K.L.:
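Can you read through this structure? Questions will come right after.
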Number of protein chains: 2
Amino acid sequence: MNSLEQQSWQSVHDEVLRRIHTREWKPGDLIPKEVELAEQLGCARATVNRALRELASEGFLDRRRKAGTRVAAHPVRRAKLDIPVIRLEIEGRGQKYAYALLFSERRTPPPEICANLGVTAESDMLHITSLHLADGKPFMFEDRWVSIAATPTILDADLEKISANEWLVLHAPYTRGDIYFSAVNASEAEAKVLRTEPGTSLFLMERTTWENQTGITSARLLFVPGYRKHSAI
Amino acid sequence: MNSLEQQSWQSVHDEVLRRIHTREWKPGDLIPKEVELAEQLGCARATVNRALRELASEGFLDRRRKAGTRVAAHPVRRAKLDIPVIRLEIEGRGQKYAYALLFSERRTPPPEICANLGVTAESDMLHITSLHLADGKPFMFEDRWVSIAATPTILDADLEKISANEWLVLHAPYTRGDIYFSAVNASEAEAKVLRTEPGTSLFLMERTTWENQTGITSARLLFVPGYRKHSAI
DNA sequence: AGAAATAATATGTACGTACATATTATCTTT
DNA sequence: AAAGATAATATGTACGTACATATTATTTCT
C-alpha cells in the first residue's frame, strides 16, 4: 500500500488490521490521528474515519474524542450469533422440520415469569409448551409465556399449525430482548419429552423480549442432547 | 419527526425502525429509495444511507443494488456476544480473579486436535490445563492445545503467572475463529476439579482460532454449574 | 421465441468542507 | 496548591457532488 493508488475504506481497514496483527501497533498503543493516516495512505479523512469506526465496532480499537485512537488493550472479541427461527435452523441443517403443540392455556403467570417480564401476577397470559422436531426426532422443547395485553392477536393464531416462535417473529418482529445460554440437567418430564434420560445435560436458551418497556414474551428453549450452537469471530 | 428539524442518522435509524415496529412496513416490503427517504425526512442521502446500512447490518433490512431495500422477510436476529478475557469477565462481576496452572506439557496432539486445527499428528504442541477462580471458588476449567510452530514465543511465557488465555490474546493475534457452545455432563475428573458431582450439567465453550490458514490454538472451556452467558438483541 | 447486448437504476463509496461535541490541556483565580 | 474557567483538539457527523458497481429492465439480434 502506498500513497499513490486509490484507497477504499476496506483497504484502510485491512492495512490498519495488518499493522495490529504484525504488532507494529501493540495493544494500548496510540495510533496516528485520522488526518495523518489519511495523508499517509492517500485518501480523505472520511475514508479513514469509516475504516477506524468499523474496527472499533469490531473491538480492535478504542476511540475517544480529543484523546485519539488506541489499539484495544484488552481485546474483547465480539462474536456475532445468528438467532434464526427454529424452523430455518433445522431446515438449514438439511433436516425436515415438524412441530407439535403440546399444551396451551390462558392463565395468570407464576412469580418468576412476572419478574422476568415485569408484569403483575394478575396479567392475562398465554402459556404454551411445544416440541420442535428434526427428521421426526425431538430437537427442541419450548415452554413459553406470552402477554395477551401486549399481543392480543395471538388468540386468533392457530398454534397447532404455526409455532408461537414463528408467529411472534412475524407479528411482533424486531423487538429488543435478552438471551441467556446455560446448561441444565434434564428433569423427569423434560427427559420424557426429548426422549432421553433424566439428568442428561441439556443446552438451555432463555429468551425474554420487550416492545419498548412492556414485556411481550418469555421463553425457555431446551435443546436435545448433543446440540451445539455455533458462532464465528 | 418532520422535514424541518435537523436530522441525524440515528433519528433516521429510529424512525425506520419505528415504521417496521408498527408494521407500517412489513417483512418483505420494499421501502422507499434513499433519495425519496432523504427528501421525506429532510436530510442528505448520505445520512439515510448510513442509517439504512446500520439497520441492514443489524439484520432488519435486506439491501441490493438496483433492486432496492426491503424489510427482512425472515428475521434472523443477530445477537452480539462479547467474549472477553476470562479475568475481565470475573472482575466485571465484582469478584476476585485467581488462576492456577494445573498441567503443562510439550507433546504431539491427539487426533481430535489435529482435526480441529488442521495440523499433523507429529506437530510440536503445548498442552495446558488450568483453573480460573472467582472469589477463590472454581469458575472455569481450561484445557488448551497451542501450536508452537505458530506461536513459538509462548515457550518464554510464564504460564504460572499469566493464563494461556490472556497471553494468547495479547501476543497471538488471530484472523478468525470458531466458537461452539454446548452442554455436557461432568466427568469424574472434571467434577473433581470444579468441585461438583459427576454428571452435573456444565456449560462448554469450544474455541479454535486461526491466523490465515494456520491453526493457532484449540481450547475447551468448562464452566461451573449455574453459569449463564448473556447476550442482548 | 430465445439469447445476447445495452440501457437504466438503486445502492455503494470517495472526497472536501463545515461544524458539533466530548475530552484533555492550559490558564486564571482564589 | 486547589478549583474553576477557558482554550485546544481529535473524533463524530452532516451535506452535496461525483462516480463506481451490481443488478434489473429493455431492446436488439438471430
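Quick caveat, the model's predicted, so the values are computed rather than measured. Naming convention: chains lettered A, B, ... in sequence-line order (proteins, then strands); numbering from 1 in each chain.
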K.L.:
Within the structure, does a side-chain N or O atom of A/N49 lie under 4.0 Å from either OP1 or OP2 of D/dG12?
P.N.:
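Yes.
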K.L.:
For B/L30 and C/dT9, what is the distance between atoms CG and P respectively, to the nearest whole Å?
P.N.:
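Going from CG in B/L30 over to P in C/dT9 covers 15 Å.
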K.L.:
Regarding B/R63 and B/E34, does a basic nitrogen lie under 4.0 Å from an acidic carboxylate oxygen?
P.N.:
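Salt bridge: yes.
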K.L.:
Whole angstrom is fine here: how far is it from NZ in A/K33 over to C1' in C/dA22?
P.N.:
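Distance check: A/K33 NZ to C/dA22 C1' gives 16 Å.
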K.L.:
Under 4.0 Å from OP1 or OP2 of D/dA22: is there any side-chain N or O of B/K66 that close?
P.N.:
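No, B/K66 has no side-chain N/O under 4.0 Å of OP1/OP2 on D/dA22.
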K.L.:
Quick one: label A/R50 by what it contacts on the DNA or RNA (base, sugar-phosphate, nothing), any heavy atom closer than 4.0 Å.
P.N.:
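Counting heavy atoms under 4.0 Å across all strands, the contact made by A/R50 is with sugar-phosphate only.
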K.L.:
With a 4.0 Å cutoff (strictly under), does any side-chain N or O of B/T69 reach OP1 or OP2 of C/dT11?
P.N.:
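Answer yes for this pair, as a side-chain N or O of B/T69 is under 4.0 Å from OP1 or OP2.
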K.L.:
Return the nearest nucleotide to the side chain of A/R45; candidates are D/dT23, C/dG12, D/dT11.
P.N.:
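Ranking D/dT23, C/dG12, D/dT11 by closest atom to the A/R45 side chain puts D/dT11 first.
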K.L.:
Looking at side-chain heavy atoms only, is the closest gap between B/I83 and B/R207 below 4.5 Å?
P.N.:
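Touching, per the 4.5 Å side-chain cut-off.
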K.L.:
Could you tell me whether B/K96 and B/D135 make a salt bridge, using a distance below 4.0 angstrom between a side-chain N and a carboxylate O?
P.N.:
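Salt bridge between B/K96 and B/D135, a charged N being under 4.0 Å from a carboxylate O: no.
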K.L.:
If you compare every side-chain N and O of A/R63 against the phosphate oxygens of D/dG12 (OP1, OP2), does one of them come in below 4.0 Å?
P.N.:
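Yes, because at least one side-chain N or O of A/R63 sits under 4.0 Å from OP1 or OP2 of D/dG12.
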K.L.:
Heavy-atom nearest nucleotide on DNA chain C for B/I31 versus A/R65: which residue maps closer to 5'?
P.N.:
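Closest to the 5' end, via its nearest nucleotide, is B/I31.
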K.L.:
Would you kindly check if the NZ (Lys) or CZ (Arg) of B/R176 is within the cone defined by 45 degrees around the ring axis of B/W210 and under 6.0 Å from the six-membered ring centre?
P.N.:
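Judged by the rule, B/R176 and B/W210 form a cation-pi pair.
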K.L.:
Looking at A/S8, does any N or O in its side chain come under 4.0 Å of the phosphate oxygens OP1/OP2 on C/dA14?
P.N.:
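For C/dA14, OP1/OP2 do have a side-chain N/O of A/S8 under 4.0 Å.
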K.L.:
In whole Å, I'd like the distance from the CD atom of A/Q10 to the P atom of C/dA14.
P.N.:
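Nearest whole value for this atom pair: 8 Å.
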K.L.:
Please give, in whole Å, the distance from D/dT23 P to B/R70 CZ?
P.N.:
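Taking CZ of B/R70 and P of D/dT23, I get 15 Å after rounding.
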K.L.:
With nearest nucleotides of DNA chain D determined for A/A46 and A/A67 from heavy-atom distances, which residue corresponds to the more 5′ nucleotide?
P.N.:
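Here A/A67 is the residue nearer the 5' end.
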K.L.:
Without decimals, in angstroms, what is the distance between B/W9 CH2 and C/dC19 C1'?
P.N.:
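Rounded to whole Å, this separation is 19 Å.
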K.L.:
Report the distance from atom CG of A/D62 to atom P of D/dT11, rounded to the nearest whole Å.
P.N.:
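Value for this atom pair: 13 Å.
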K.L.:
Which residue is it: B/N49, B/D14, B/V48, B/T47? I am looking for the one with a side chain to side chain contact (heavy atoms under 4.5 Å, CB included) to B/W9.
P.N.:
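Checked B/N49, B/D14, B/V48, B/T47 against B/W9; only one passes side chain to side chain contact (heavy atoms under 4.5 Å, CB included): B/T47.
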K.L.:
Find the distance A/E39:CD to C/dC15:P and express it as a whole number of Å.
P.N.:
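Rounded to the whole Å, the gap is 14 Å.
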K.L.:
Taking CZ from A/R53 and P from D/dT11, how many angstroms apart are they, rounded to a whole number?
P.N.:
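Taking CZ of A/R53 and P of D/dT11, I get 13 Å after rounding.
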